[in-house]
S.K.: 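Once you've had a glance at the structure underneath, I'll fire off some questions.
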Amino acid sequence: MPIMRAAFVSRFDDANPLAALAVGERPEPDHPGEDWVTVQVRASSLNHHDLWSLRGVGLAEAQLPMILGCDAVGVDPEGNEVVVYPVVPTPGDPRGVSILSEHFPGTFAERVAVPRPNLVPLPDGLSPTDAACLPTAWLTAWRMLTTKGRVEDADAVLVQGAGGGVATAAVALAVAMGKRVYATSRDAGKRDRIAALGATAVEPGARLPERVDVVIETVGAATFDHSLKSAAPMARIVVSGATAGHEPKVNLRRVFAMQLEILGTSMGTPGELYDLLAFCADRQVRPVVDSVIPFSGVEEAFARLHGGEAFGKVVLDHTA
Ligand SMILES: NC(=O)c1ccc[n+]([C@@H]2O[C@H](COP(=O)([O-])OP(=O)(O)OC[C@H]3O[C@@H](n4cnc5c(N)ncnc54)[C@H](OP(=O)(O)O)[C@@H]3O)[C@@H](O)[C@H]2O)c1
C-alpha cells in the first residue's frame with residue numbers, strides 16, 4: 001500500500017493534547033467519489049480545531065487514526081497552484097458537510113484528496129504560506145464580519161481574544177475595511193501587536209470608549225458578558241467558537257432591551273472564499289503569520305499553538 005508522511009491523531013488526550021499527536025506514515029488518501037483529486041500539499045496552517053481533535057472533540061474513536069489539518073495550498077494533478085476549500089459534502093453527517101480531518105483525511109500530509117470543485121486558484125501576489133492561512137480562520141472571520149455581522153452598516157467592531165488566528169484575521173480585515181476596531185487580549189505583548197495592526201487594544205473586560213455594532217466572539221464564557229455590555233443597540237454578536245467555555249451566562253434583559261442579535265456561524269461558502277482571496281490580493285492585506293515552521297517541526301508548531309504564545313497563524317511549510 002503506497003504510504004506518505006503525515007501528522008495524525010490515533011488516541012484522544014483531553015488533558016494533554018500534545019501527547020496524542022502522532023507523526024509517521026499513513027496510506028495515500030482514497031478518492032471516495034469520481035470527482036475527487038489528489039493535491040500535493042505545499043503549505044498548511046494550524047487551527048484550534050486541530051487541538052480540539054487531539055482532545056477528542058468532534059471525532060469518535062471509530063474514526064481514528066485521522067490525519068489532522070484543515071488548511072492547504074498545493075498543486076493539483078494538472079500542475080496548477082490551488083487553495084483547498086476545506087468543507088466537503090459528507091452524507092451521514094447531520095450538517096451534510098464536514099471539514100477536512102473530521103470524516104476525510106486532513107492536510108498535514110504530503111498529499112490530500114478533495115472534490116475538484118473544492119480547488120480555488122491561488123491568486124497572483126499571494127504566497128502559498130500566506131494563502132494557507134485563509135481557508136479556515138480567515139474565511140470564518142470574513143463571514144463573521146460580512147455576511148453575518150453586516151459590517152458595512154457598522155462604525156465600530158470589537159474582537160475578543162485578539163491573539164488568535166480567527167481574531168487577528170478579524171482585526172486585520174476590519175481595519176482594512178476602515179472600521180474603528182477594539183480588541184481584547186490577556187497578554188500585554190499581544191495588545192502591543194494588535195495596536196500595531198491599527199486596533200485599539202484593551203485588557204479583557206475593559207470599558208470601551210463607545211459601544212460597538214459588531215462583536216467577533218471566539219472565546220466564549222470568559223468574554224461573553226463583556227461582549228453583551230459593549231454592544232450598541234441593534235448590534236450583532238457573531239459567535240464561531242468557544243475556546244474558553246461554551247456555556248456563558250447570558251443577560252437576556254440586555255439582549256432584548258438593546259435588541260441584540262446573537263448569531264452563530266461556521267466556516268464560509270466557496271463564494272466567500274473567492275471574495276476573501278480577491279480582497280486580500282487587491283487590497284494588499286496579508287495574513288498575520290506567527291511563524292512558518294518546516295513540516296518536520298510539526299510537533300513544535302502544535303506546542304506553540306497549545307502554549308498560547310502564538311500571535312496569528314502558525315504555518316507549516318511542506319516544501320522545506
Ligand atoms: N466555527 C468555525 O467555523 C470555526 C473556525 C475557526 C475557529 N473556530 C473556533 O474559534 C476558536 C478560535 O480558533 P483559532 O484557531 O483562532 O484559535 P487560536 O489561534 O488558538 O486562538 C485562541 C484565542 O482565544 C483566546 N483565549 C483563549 N483562552 C482564553 C481565555 N480563557 N480568556 C480569554 N481569551 C482566551 C486567546 O486570546 P489572547 O491570548 O489574545 O487573550 C487566543 O489567542 C476555537 O474555539 C475554534 O475551534 C471555529
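Order of appearance sets the numbers: ligands from 1, and atoms from 1 within every ligand.
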S.K.: Give the residue, atom name and distance (to 0.1 Å) of the protein heavy atom nearest atom 16 (O) of ligand 1.
M.R.: V166 N, 2.8 Å

S.K.: Number the atoms of ligand 1 from 1 as they appear, then name those within less than 4.0 Å of a heavy atom of L305, with their elements.
M.R.: 19 (O), 20 (O)

S.K.: I194 near ligand 1, heavy-atom distance under 4.0 Å?
M.R.: no

S.K.: Mark up the atoms of ligand 1 that fall under 4.0 Å of a heavy atom belonging to T265, in ascending order.
M.R.: 1 (N)

S.K.: For Q259, does the CD atom have more than 12 heavy-atom neighbours from other residues, nucleotides or ligands under 6.0 Å away?
M.R.: no

S.K.: Which is it for T107 and S44 under the side chain to side chain donor-acceptor pair (under 3.5 Å) test, yes or no, and what are the steps along the way?
M.R.: CA-CA 7 Å; T107 59; S44 62; 4.8 Å; no

S.K.: Backbone, side chain, both or neither: what part of S185 comes under 4.0 angstrom of ligand 1, heavy atoms only?
M.R.: both

S.K.: Can you tell me if N16 has over 12 outside heavy atoms packed within less than 6.0 Å of its CG?
M.R.: yes

S.K.: Report yes or no: does a heavy atom of V219 sit under 4.0 Å from some atom of ligand 1?
M.R.: yes

S.K.: Ligand 1 versus T218, non-hydrogen atoms closer than 4.0 Å: side chain, backbone, both, neither?
M.R.: both

S.K.: For atom 23 (C) of ligand 1, tell me which residue out of G161, A162, A310 has the closest non-hydrogen atom.
M.R.: G161

S.K.: For atom NE2 of H246, decide whether the heavy atoms of other residues, nucleotides or ligands shown that lie under 6.0 angstrom number more than 12.
M.R.: no

S.K.: Considering heavy atoms of the protein only, find what lies nearest to atom 11 (C) of ligand 1 and give residue, atom and distance to 0.1 Å.
M.R.: T243 OG1, 3.2 Å

S.K.: Relative to the heavy atoms of S266, which atoms of ligand 1 are at a distance of less than 4.0 Å?
M.R.: 1 (N), 2 (C), 3 (O)

S.K.: Can you check side-chain contact (heavy atoms from CB on, under 4.5 Å) on I99 and M267, steps first, answer last?
M.R.: CA-CA 9 Å; I99 304 171; M267 305 296 284; 3.7 Å; yes

S.K.: Find all atoms of ligand 1 within a distance of less than 4.0 Å from any non-hydrogen atom belonging to A222, and give their numbers and elements.
M.R.: 32 (N)

S.K.: Measure the distance from atom 31 (N) of ligand 1 to every protein heavy atom, then report the residue, atom name and distance (to 0.1 Å) of the closest one.
M.R.: A244 CB, 3.4 Å

S.K.: May I ask you to identify the nearest protein heavy atom to atom 43 (O) of ligand 1, giving residue, atom name and distance to one decimal place in Å?
M.R.: G164 N, 2.9 Å

S.K.: Is the count of non-hydrogen atoms from other residues, nucleotides or ligands lying under 6.0 Å from E203 atom CD greater than 12?
M.R.: no

S.K.: For atom 4 (C) of ligand 1, which protein heavy atom lies nearest, and how many Å away is it?
M.R.: S240 O, 3.5 Å

S.K.: Within the distance-only criterion (no hydrogens, no angle test), does the side chain of D76 pair as donor or acceptor with the backbone N or O of V37 below 3.5 angstrom?
M.R.: no

S.K.: From the options R193, E217, H48, select the one whose nearest heavy atom is closest to atom 13 (O) of ligand 1.
M.R.: H48

S.K.: So which heavy atom in the protein is nearest atom 3 (O) of ligand 1, and how far is it from that ligand atom?
M.R.: M267 N, 2.6 Å

S.K.: Which atoms from ligand 1 have a heavy atom of G241 less than 4.0 Å away?
M.R.: 9 (C), 10 (O)

S.K.: Under 4.0 angstrom from ligand 1, any heavy atom of A242?
M.R.: yes

S.K.: What is the minimum heavy-atom distance between T136 and P86, and which atoms define it?
M.R.: OG1-CG, 3.7 Å

S.K.: For ligand 1, which part of P204 has a heavy atom less than 4.0 Å away: the side chain, the backbone, both, or neither?
M.R.: neither

S.K.: Quick one: nearest non-hydrogen protein atom to atom 19 (O) of ligand 1, plus distance?
M.R.: G165 N, 2.8 Å

S.K.: Heavy atom under 4.0 Å from ligand 1: found in L51's side chain, backbone, both, or neither?
M.R.: neither

S.K.: Does ligand 1 come near enough to K190 that some N or O of the ligand is less than 3.5 Å from an N or O of the residue?
M.R.: yes

S.K.: Write out the residue and atom name of the closest protein heavy atom to atom 5 (C) of ligand 1, then the distance separating them to 0.1 Å.
M.R.: T140 OG1, 3.1 Å

S.K.: On a heavy-atom basis, I'd like to know which of H306, R186, E203 is closest to atom 41 (O) of ligand 1.
M.R.: R186

S.K.: Counting each atom of ligand 1 from 1 as listed, which ones have a heavy atom of W52 under 4.0 Å away?
M.R.: 44 (C), 45 (O), 46 (C), 47 (O)

S.K.: How close do V298 and A7 get, heavy atom to heavy atom, and via which atoms?
M.R.: CG2-CB, 4.0 Å

S.K.: So, do V255 and N251 sit near enough that their side-chain heavy atoms are less than 4.5 Å apart?
M.R.: no

